Amino acid sequence: MALEVTQILLNAQSIDAATRNHAEESLKQIQEQNLPAFLLSLSAELANNNKPIESRKLAGLILKNALDAKELHRKNDLAQRWLSLDLATKTQIKTSLLQTFSSPVSDARSTAAQVIAKVAGIELPHNQWPELIGSLLSNIHQVETHVKQATLETLGYVCEEVDPQVVDQEQVNRILTAVVQGMNATETSSDVRLAATRALYNALGFAQANFTNDMERDYIMRVVCEATQSSDVKIRQAAFECLVAISSTYYEKLAPYMQDIFNITSKAVREDEEPVALQAIEFWSSICDEEIDILDDYRSEYTGDSDVPCFYFIKQALPALVPMLLETLLKQEEDQDQDEGAWNIAMAGGTCLGLVARTVGDEIVPLVMPFIEENISKPDWRGREAATYAFGSILDGPSPGKLAPIVNVALNFMLAALSRDPNNHVKDTTAWTLGRIFEFLHGAAVETSVITQENCQQILTVLLQSMKDVPNVAEKACGALYFLAQGYEDEGSVSPLTPFFQDIFQMLLFVTHREDATESNLRTSAYEALNEVVRCSNDETAPIVMQLIPVIMLELHQTVEAQKLTSDERDKQNDLQGLLCGCLQVIIQKMGSIEGSKYAFMQYADQIMDLLLKVFASRNATVHEEAMLAIGALAYTAGPNFAKYMPQFYQYLEMGLQNFEEYQICAITVGVVGDLCRALEDKILPYCDGIMTQLLKNLSSNQLHRSVKPPIFSCFGDIALAIGENFEKYLLYAMPMLQSAAELSAHAVSQDDEMLEYTNQLRNGILEAYSGILQGFKSSPKTQALVPYAAHVLQFIDTMYGGREMDDAVMKSALGVLGDLADTLGSHVGPLISQSSSSKDLIEECMVYDDPLIRESAEWAKLAINRAVSG
Amino acid sequence: MAPPPDHRRPIKRAAISDQQRRREVALRLQADRRSDAQNRARQLASSVLSLGPEPATEPEVEPEQEMSEASGQLAGRSDFDPVRAARLRGPEVRKWFARQLMLPEWMVDVPPSLDRDWYVFPRPSGKRCFVVSSNGTTISRLRNGSILHRFPSNLPNGARAKDVSGPASSYSILDCIFHEPDETYYVIDMVCWRGYSLYDCTAEFRFFWLNSKLSETGASDPPSQYHRYRFNVVQIYECNLAGLQASYSGQVPYVKDGLLFFNKHAHYQAGNTPLALVWKDNVCSQYVLDTDSKGQIPSQQQVVLELQNDGNLTTSDDPPVALGSLSRDLIAQSGLRVGNLVRVAIKDERMRLVDGKLDLGELQLVGKTNHSRAFADTYSKVLFQHAARHAPLRIEDLVASIQSNSSMDNSQALDVEMEG
């Protein structure tokens, strides 16, 4: 029952908008009227070699989009929809897709391969289409080259799409055999070899068992290494990509191959084309990533070791690796500093050098110093830039003790270069290097800072002067100032920046007004530096920060008033509004935290609030988020006085809570509700019906991004703590939600660290909700209303304790809830708590914990329970 | 020029944007403030600052001096809540603390199961006081609420120093006796620790907590610039024969003033309680018999009582016990006002029990008491002083009581064995 869709599909790609819209509308209608027929027609179109390639490709694309989407909830819906189609339809579609493999048109084959992977992604986890892999591989040796290529491509996509657990080892073996054979040098078609190499990249995750088998691993590694020597650059690049993937997935299996890999990569870095050389450098960056993680684990006080031992590959390769990387630094491109997204051999080499420095620490310094000394004064700018870049790259990793003497000598040289070097690249990298010096060798955490009262003034003078330089240099100077200021955040009133506050603000504001401020991210950098200087202000400099407020408000006012903007101007306007709101947020936080300036600051509160409310008229997500954060800070500073803004602000609060799509706005708004609860306390009561309704709605929606759920639960606690027993009317709705979430999260089996972290965030949110509710009801005559829930709460904690996967935050919250139960419900729950298997053990265990906060929570729980049991 | 791979950050590009940092700072502040709010809630409600059992109905003692202004604001106000109590200032605080100490009754007869349910320890001689540490300072207040010392100490938040755990405003309250000769605070009870109340905890638990927590702070260290006075824990014994013996005749680093007995199961309770008892004789105390205002032991027993508006003279018990009365003429003549504390002398032969109540008969007015005195004598004190003059409760009686208990235990144990 195939419909004729060719013309509609062609019209949908017409340059005429009316034709296009009409066609899109028709497609939508057909889909709504008869989905099976629609999908069948699309698959038939794709398979039909007599149809134009344009309509076939679009048919495949629409088919693909009917099976998968980015948003998780939509993805699940589409999968369900496919599974519920009748078997005959699905079989026919799949048959058409497999037929497309024999098409002479490569675009059609490739599209079909992607659609098959999507179907496999849905069906294989449900044990459907078990014959797929078998049928793909059944005649792999007899088929024509282009079918073989399409088959390998499909296998790659399938591996990308499905979870390794879904495919049994026997099938994995067949896939890998076919793929590795396809990669072999004996394969004459480079299309097949390329498809096989790319397929291996996706199949590597399935090869756990094969990589533990020495013979199979040797074979795979040999084939991959051989492919790096192919005459086809695409195959070489794909083979190096495989090596990079292997370096992170099978780090612990690499030792026997490292010498060969070093030879291959260093030849590629020196001689091969850029895309290949970049992958060869990436291999070493990736090894650094692994070893940095492992060494971090070694140093961590909790576990004290790592699952994987460190093989110190970088340390061993160091004497050859560092010279190879230093050579790359001299291969700069003329315009690389102006191009935001630039990535080339020199940049990759410097990035890798930085990772090597973090991996080996002090040992890298003597290997790099001769290069710096040789090149830093070369007449060719490439030498000077490369030397500076090398220096900047190794500042994170080696000990300050090792670096400080060198930096002390280099500092004046750097300042002179930033002021006087004729080359912009050199100045760019010099300013960046200064920023790295301030970031890693200056500040309260560094024992002997390289910055002194004396050289600070000279540094500031040079940095401020450089802010008038070309945009990319000025941008780096702002970044350097950011880190210089950051070092003084905990300094108190003796900060050497104090005398220069006025000058700094003046220069930064000047930069934000430069006509070319939108180039090289300059304006953003200037505001970021401004924020950081505000953050390190103190009693003495607060009045100067205060003068900044009307200036920033005026700027924000101008953006709010601006009319009739082009879409490009609108984008720039949004960026600026976001920056100004961010700046206000930082000022509010800082002025609110300095006792002496809080009162003076509050005089601006009305005007600031007025402006921020106008900013909400913007449709831009970032701007909303920044304005919301600024309002949260204002609420905290204003305290109960914020109540007067609530009538106007409430609608925007509600809007934020309803914003599922831009879930970060939703999350930030939920956090601001917490700020408001603490500021307004019971004055938030009139708004609670609306807020609670929205929060409960959010929780019941499957469209809400999961990361917003934990903060919503915590927010229940904030609300309950603020309005006390008035929370009673929400118990009926909130408690069952908490209970079912608790049930799920208590039993959650976490397959990976990310899932475990999320589960613990969820648990923490639930526990914070319980704490807030319990404490909110304390000493209220309505306490009885909570007694029925006590058993479940205890059971929740028991189950988590039994599961042994609580992180410290959850442990602390759980102890708090145990105490709160006893504290609020007293003798009503005394016996229940005494029976709870975990409460006693958990508390005793935590009483001797290292973390004082956990110990204190345990003490609280013990005290409160003791009172409840004895009372 | 191809962009870098997704996960590879070029070294010259910033690790995180300031926007991300603002977001993270906001989240961190929210989490900190939530935990502060929770801590505040946890520390407030069931804290020591709740007004005790019946705040509203308790009759107000009208003090003679400047305390009067505060009185109206405190008692007799049913909506008085702990949140506001925490904000008390000046004379209100003094007034407040005057009512918070747990006051032992005098032991006029031996409670049953002394050896099983009680602790005993030798009471240091000195000034009974509440020691409160918070916000970087330590203040000790006498029974009448007036300040004894204000000083830095190693107690939690007791000195201006960085204390990593908990907010600086969280307070600790210790029940102490300040012993002049060695300038040491002997801690006899712990009422509040780091903001958490031990008010509703049993003595058994409070002493356990006291012993384990005080040692963590360095409060028992020798005095130094930031720790003006040393705090020592008094050795507490189970009230068996050995414990009683050790308390009665053992060596202690301080001057003894009788023995204190604490019921293990009792909560800390403001005011007089029969679950804490004091006993003394000439061996373990220099001050068995009360002295008069000149420090002499008068020939007749003297008692301090409070004048009520019906002319009755009452003890400081709750409810007060009337032990006699003054005639209107006498009251008018001597310029006494309701609420005054008066010292009266008892004619021994007139003291008798009427319907199970003590009647002192005709009382001889000696005079008003001095200003610092805040409370009248308790009923049990009057009885103990009377007994001490005529038929004292002796250490032998205490020993005998414990022995009879333990022999009873033995016989019970024997019974069980025989049944088995």
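We name chains A, B, ... by the order of the sequence lines, and we start the count at 1 in each one. Just so we're clear, the structure is a prediction, and the values are computed from it rather than from any experiment.
When all heavy atoms are compared, the tightest approach of B:Q19 to A:E528 is N-OE2, 4.3 Å. Among all heavy-atom pairs drawn from A:E282 and B:P5, the shortest one is OE1-CG, 4.2 Å. Residues A:Q585 and B:A26 come closest through the heavy atom pair NE2-CB, 4.0 Å. Residues A:G582 and B:R22 come closest through the heavy atom pair CA-NE, 3.3 Å. Between B:P4 and A:A342 the shortest heavy-atom distance is CD-O, 4.4 Å.
A salt bridge links B:R21 and A:E532; the closest N-O separation between the charged side-chain nitrogens and carboxylate oxygens is under 4.0 Å. A salt bridge links B:K12 with A:D428: the distance from a Lys NZ or Arg NE/NH1/NH2 to an Asp or Glu carboxylate oxygen falls below 4.0 Å. Ionic pairing of A:E859 and B:R194 is not present here: no N-O contact between side-chain nitrogen and carboxylate oxygen is shorter than 4.0 angstrom.
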Verdict with reasoning, B:Q30 to A:R678, per side-chain contact (heavy atoms from CB on, under 4.5 Å)
CA-CA 10 Å; B:Q30 280 166 358; A:R678 287 179 284 276; 4.0 Å; yes
Kindly determine whether A:Y527 and B:D18 satisfy side-chain contact (heavy atoms from CB on, under 4.5 Å), including the steps that lead there.
CA-CA 9 Å; A:Y527 275 112; B:D18 194 69; over 6 Å; no
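Residue A:R535 places its CZ atom among more than 12 non-hydrogen atoms of other residues, nucleotides or ligands, all under 6.0 Å distant.
Distance CE/A:M347 to CD1/B:I11: 11.0 Å, rounded to 0.5 Å.
Contact annotation: the side chain of B:R13 never approaches that of A:T351 to less than 4.5 Å [non-hydrogen atoms, C-beta and beyond]. Here the side chains of A:N866 and B:W209 are not in contact, with every heavy-atom distance at 4.5 Å or above.
By number of non-hydrogen pairs under 4.5 angstrom with chain B, the leading residue of A:D396, A:L579, A:T824, A:D718 is A:D718.
Of the atoms belonging to B:R23, heavy atoms from both backbone and side chain fall under 4.5 Å from chain A.
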